[in-house]
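See structure below.
Just the heavy atoms: all of them, side chains too, but no hydrogens, waters or symmetry mates, feed the values below.
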Amino acid sequence: MKRKMKPNIGAIHISHAKLKKAALLALLLAAAFLFGRGIAYVKYEKIDEWVIPAGGSVSSENWGLGFGQEGSQPTGNASATELAKYNAHYVGSNTEKVIYLTFDAGYENGNTQPILDALKKHNVHATFFVVGHYLESAPDLVKQMVADGHFVGNHTYHHLDMSSIASKESFEKEMKDVENEFKELTGQELARFYRPPQGKYNTKNLEMAKDLGYHTFFWSLAYVDWYQDKQPTKEEAFQKLVGRIHPGAIVLLHSTSKTNGEILDELLTKWEEMGYTFRTLEDFVN
């Protein structure tokens with residue numbers, strides 16, 4: 001006669017514990033997902049659509065450069081010829097010592113005024129790529145940019161990763177909101193110059209910008225100048241900005257940089273001593 005096996009109470013308790021642990025983990029993951037979606041909704045609530053096509057994700061590129069011999073033009077991760085198909089650019093002609101100076105302006109922290117003062121002293125006209133927050137929070141500086149003869153370009157309203165926006169309507173809204181805010185503020189039309197936030201793009205983005213009448217501008221010279229609590233020293237800044245300057249350079253600086261505000265007068269003088277002159281992006285496209 002076979003002996004009946006007693007149930008292993010300990011094993012049952014362990015099994016129940018595992019089930020409870022798995023259920024709790026699943027609940028936490030679900031909550032985290034929903035919380036993340038909630039954050040995304042708050043952040044992008046003004047965007048009509050933030051979608052990826054059903055067929056898969058939109059491939060994205062991060063703009064990057066490779067530098068060779070000092071004083072020579074760098075190579076980009078897309079050639080000037082390829083970019084030109086989309087009215088996109090990163091560098092000018094290599095036959096003239098010309099600089100196209102641009103600034104990305106995401107917010108104001110007191111460093112734009114000395115930058116504007118240095119530009120005015122040297123009679124240099126630049127392009128400031130602004131976001132919606134800058135137009136709302138620093139209207140007087142935007143008006144001064146216009147009064148001083150600078151161009152104001154489009155850095156999108158919310159400074160999003162535009163390569164993730166699959167909808168043409170949503171892309172256009174990011175651009176149009178900046179245009180409308182600028183016109184309401186200044187009474188003028190925004191320059192049709194576009195800089196992708198964080199340098200993130202794909203060919204569909206470039207096509208969308210072109211269809212809206214924009215020229216997209218990347219850059220051929222920049223340096224890490226955007227961390228407020230980790231600003232480069234004057235020596236570090238000059239090493240990059242003087243050592244890597246080249247004919248046809250489209251230079252990207254950030255107007256939030258304390259270092260840039262402090263060195264720009266001297267930097268412009270140094271570039272001039274090296275035989276460089278300055279032109280605008282308007283000159284570039286015409």
Side-chain angles (χ1 to χ4, degrees), residues 61-105 115 118-119 122-130 145 148-155 190-201 203 205-207 209-210 212-225 237-255 260 263-264 267-286:
E61 290 283 350
N62 291 324
W63 181 249
L65 297 167
F67 287 86
Q69 186 177 354
E70 186 172 303
S72 64
Q73 292 187 341
T75 56
N77 56 354
S79 70
T81 301
E82 181 66 23
L83 290 174
K85 299 176 184 176
Y86 307 98
N87 284 350
H89 323 274
Y90 85 96
V91 70
S93 169
N94 64 0
T95 61
E96 294 182 279
K97 298 182 80 171
V98 171
I99 295 171
Y100 302 90
L101 191 55
T102 72
F103 294 86
D104 283 2
I115 288 172
L119 293 171
H122 289 261
N123 194 29
V124 171
H125 295 127
T127 300
F128 289 82
F129 288 94
V130 300
M145 293 170 188
D148 287 353
H150 302 297
F151 290 88
V152 178
N154 204 323
H155 204 33
L190 187 78
R192 287 300 192 268
F193 307 142
Y194 163 56
R195 172 159 288 152
Q198 306 171 65
K200 292 183 177 180
Y201 73 100
T203 55
N205 291 160
L206 300 182
E207 288 174 354
K210 182 180 179 182
L212 292 172
Y214 278 87
H215 283 261
T216 299
F217 281 95
F218 295 101
W219 58 89
S220 63
L221 177 58
Y223 78 123
V224 181
D225 61 348
F238 269 76
Q239 181 184 10
K240 293 287 177 65
L241 297 175
V242 174
R244 290 183 172 179
I245 197 64
H246 51 271
I250 297 177
V251 179
L252 160 61
L253 301 175
H254 285 81
S255 63
N260 290 341
I263 71 168
L264 189 60
L267 178 63
L268 294 175
T269 299
K270 181 62 178 177
W271 279 339
E272 289 165 346
E273 289 173 352
M274 295 171 70
Y276 281 91
T277 58
F278 299 88
R279 294 180 189 165
T280 67
L281 298 185
E282 184 74 12
D283 297 323
F284 190 104
V285 299
N286 290 323

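Listed for the T102 side chain is a donor-acceptor partner under 3.5 Å among the backbone atoms of V251. Distance alone, capped at 3.5 Å, places no donor-acceptor pair between the H125 side chain and the L101 backbone. No side-chain donor-acceptor contact under 3.5 Å links Q198 to the backbone of N62.
Between atom CD1 of residue I250 and atom OH of residue Y100 there is a gap of 7.5 Å, rounded to the nearest 0.5 Å. Put simply, NE2 on H122 and OG1 on T269 are 3.5 Å apart, with the number rounded to the nearest 0.5 Å. Summarising the geometry, atom CG belonging to L212 is positioned 10.0 Å from atom OH belonging to Y194; distances are rounded to the nearest 0.5 Å. How far CZ of F128 is from CE of M145: 4.5 Å, rounded to the nearest 0.5 Å. Here the straight-line distance linking atom CD1 of I99 with atom CG of L267 works out to 7.5 Å at 0.5 Å rounding.
P247 places a side-chain heavy atom less than 4.5 Å from the side chain of Y276. With a 4.5 Å cut-off on side-chain heavy atoms, I115 and L119 count as touching. Annotation: side chain of N77 is in contact with side chain of E61 (closest heavy-atom distance under 4.5 Å). You'll find the side chain of L83 reaches within 4.5 Å of the side chain of L206, heavy atoms only. Side-chain atoms of R195 and L252, non-hydrogen and from C-beta on, do get closer than 4.5 Å to each other. Using a 4.5 Å heavy-atom cutoff, the side chains of L65 and W219 are in contact. You'll find the side chain of Y223 reaches within 4.5 Å of the side chain of L241, heavy atoms only.
Not counting sequence neighbours, N94 has no partner by the side-chain hydrogen bond (donor to acceptor under 3.5 Å, both in side chains) test. Residues satisfying the side-chain hydrogen bond (donor to acceptor under 3.5 Å, both in side chains) test with E282, not counting sequence neighbours, are N286. Under the side-chain hydrogen bond (donor to acceptor under 3.5 Å, both in side chains) criterion, H246 pairs with S220, sequence neighbours left out. The side-chain hydrogen bond (donor to acceptor under 3.5 Å, both in side chains) check on S93 picks up T95, with sequence neighbours excluded. Applying the ring pair (Phe, Tyr, Trp, His ring centres under 6.0 Å) test to F218 and every residue at least two apart in sequence or in another chain returns W63, Y201. In this structure, the ring pair (Phe, Tyr, Trp, His ring centres under 6.0 Å) partners of H254, at least two apart in sequence or on a different chain, are W226. In this structure, the ring pair (Phe, Tyr, Trp, His ring centres under 6.0 Å) partners of F217, at least two apart in sequence or on a different chain, are H89, F193, F284.
The shortest non-hydrogen separation linking P74 to Y90 is O-OH, 3.0 Å. Between L268 and A118, the shortest heavy-atom contact is CD1-O, 3.8 Å.
Sorted by first and then second residue, the salt bridge (Lys or Arg N to Asp or Glu O under 4.0 Å) pairs with a member in residues 237-250 form an empty list; sequence neighbours excluded. Applying the salt bridge (Lys or Arg N to Asp or Glu O under 4.0 Å) definition to pairs two or more places apart or across chains, those involving residues 84-93 are E82-K85. Residue pairs meeting the salt bridge (Lys or Arg N to Asp or Glu O under 4.0 Å) criterion with at least one partner in residues 270-280, sequence neighbours excluded, are E96-R279. The salt bridge (Lys or Arg N to Asp or Glu O under 4.0 Å) pairs that include a residue from residues 86-95 number zero, where partners must be two or more places apart or lie in different chains.
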Run Y214 and L190 through side chain to side chain contact (heavy atoms under 4.5 Å, CB included) and show every step you take. CA-CA 10 Å; Y214 278 87; L190 187 78; 3.8 Å; yes

Step by step, would you call T280 with F151 a side chain to side chain contact (heavy atoms under 4.5 Å, CB included)? CA-CA 8 Å; T280 67; F151 290 88; 3.8 Å; yes

Given side chain to side chain contact (heavy atoms under 4.5 Å, CB included), test V124 with W271 step by step and report yes or no. CA-CA 12 Å; V124 171; W271 279 339; over 6 Å; no

Worked verdict on M274 versus V242 for side chain to side chain contact (heavy atoms under 4.5 Å, CB included): CA-CA 9 Å; M274 295 171 70; V242 174; 3.7 Å; yes

